[in-house]
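For reference, the structure is listed below as structure tokens.
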Amino acid sequence: MNDADQYSIRDLADEFDITTRTIRFYEDKGLMQPARDGQRRVYSKGDRARLKLILRGKRLGFSLDEITQLVSLYETPEDTVPQLEQYLETLRNHRSLLEKQRADIERTLTDLARAEEECRQALTTTLNGQS
DNA sequence: ATTCTGACA
DNA sequence: TGTCAGCA
């Protein structure tokens with residue numbers, strides 16, 4: 001089911017070490033729209049490239065929503081400038097999200113350190129009182 | 001044998 | 001995303 005530029009869902013699943021379920025999952029999310037041979041899904045080289053992009057986005061920590069934006073860009077090699085600008089915006093939004101999460105983590109860390117210190121003091125105070 | 005859709009102890 | 005079911 002291969003050789004030319006046609007791939008079965010299994011060909012892609014094996015190639016990218018993912019399950020066929022995962023590929024269908026991405027399709028449900030609108031990330032891919034493979035051709036059909038009756039009910040069977042038939043993937044082109046373009047579909048394979050798209051899946052590659054989806055997987056790359058996932059590795060970079062992008063949400064499926066962000067990946068959807070990135071994939072849509074790939075689908076239109078035409079207007080380069082607008083694409084790059086949109087891509088840049090997606091990257092900025094992602095950076096913004098990560099920085100917010102980092103800020104939240106740091107805040108939680110300081111709160112944790114404070115609680116820990118209060119706990120230590122309460123503990124030593126109690127021990128002193130008992131001895 | 002393999003894929004597909006739908007569903008969820 | 002896994003998995004099981006009931007089809008084709």
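Below, chains carry the letters A, B, ... as their sequence lines are ordered, and counting in each starts from 1.
- Taking atom CG of residue A/Leu51 and atom P of nucleotide C/dT1, one finds them 11 Å apart after rounding to whole Å.
- Between the side chains of A/Thr125 and A/Asn128, no donor-acceptor pair of N or O atoms lies under 3.5 Å.
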- What would the secondary structure line of DNA chain C be in dot-bracket form, counting Watson-Crick and G-U wobble pairs under 3.5 Å, with [ ] for pairs that cross earlier ones and | for pairs with another strand? .|||||.|
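- A/Tyr7 places its OH atom 21 Å from the P atom of B/dT2, with the value rounded to the nearest Å.
- A salt bridge links A/Arg120 and A/Glu117; the closest N-O separation between the charged side-chain nitrogens and carboxylate oxygens is under 4.0 Å.
- A/Asp37 places its CG atom 17 Å from the P atom of B/dT2, with the value rounded to the nearest Å.
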Would you give me the side-chain donor-acceptor pairs under 3.5 Å for residues 59-70 of chain A, sequence neighbours excluded?
{"unit_1": "A/Ser63", "atom_1": "OG", "unit_2": "A/Asp65", "atom_2": "N", "d": "3.4"}
{"unit_1": "A/Ser63", "atom_1": "OG", "unit_2": "A/Glu66", "atom_2": "N", "d": "3.1"}
{"unit_1": "A/Glu66", "atom_1": "OE1", "unit_2": "A/Ser63", "atom_2": "N", "d": "2.9"}
{"unit_1": "A/Glu66", "atom_1": "OE1", "unit_2": "A/His94", "atom_2": "ND1", "d": "3.2"}
{"unit_1": "A/Glu66", "atom_1": "OE2", "unit_2": "A/His94", "atom_2": "ND1", "d": "3.4"}
{"unit_1": "A/Thr68", "atom_1": "OG1", "unit_2": "A/Leu64", "atom_2": "O", "d": "2.8"}
{"unit_1": "A/Gln69", "atom_1": "OE1", "unit_2": "A/Thr90", "atom_2": "OG1", "d": "3.2"}

- Message: Treating primed atoms plus P, OP1 and OP2 as sugar-phosphate and everything else as base, which nucleotides of nucleotides 4-9 of chain B get B, S or - for protein heavy atoms under 4.0 Å?
- Response: SB-B--
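- Between A/Asp11 and A/Glu15, the closest side-chain pair of non-hydrogen atoms is not below 4.5 Å.
- Heavy-atom neighbours of A/Arg92 CZ from other residues, nucleotides or ligands within 6.0 Å: at or below the threshold of 12.
- Rounded to whole angstrom, the span from the CD1 atom of A/Ile18 across to the P atom of C/dT1 amounts to 8 Å.
- One finds a side-chain N or O of A/Lys58 lying less than 4.0 angstrom from the OP1 or OP2 phosphate oxygen of C/dT1.
- Phosphate proximity of B/dT2 to A/Ser8: absent, as no side-chain N or O sits under 4.0 Å from OP1 or OP2.
- Comment: A/Arg114 does not engage A/Glu118 in a salt bridge, judged by the lack of any side-chain N to carboxylate O separation of less than 4.0 angstrom.
- Between the CZ atom of A/Phe16 and the C1' atom of C/dT1 there is a distance of 18 Å, given to the nearest Å.
- Looking at A/Asp28 and A/Arg24, no side-chain N of the basic residue comes within less than 4.0 Å of a carboxylate O on the acidic one, giving no salt bridge.
- A side-chain contact (heavy atoms from CB on, under 4.5 Å) with A/Tyr43 holds for exactly one of A/Met32, A/Gln6, A/Arg48; it is A/Met32.
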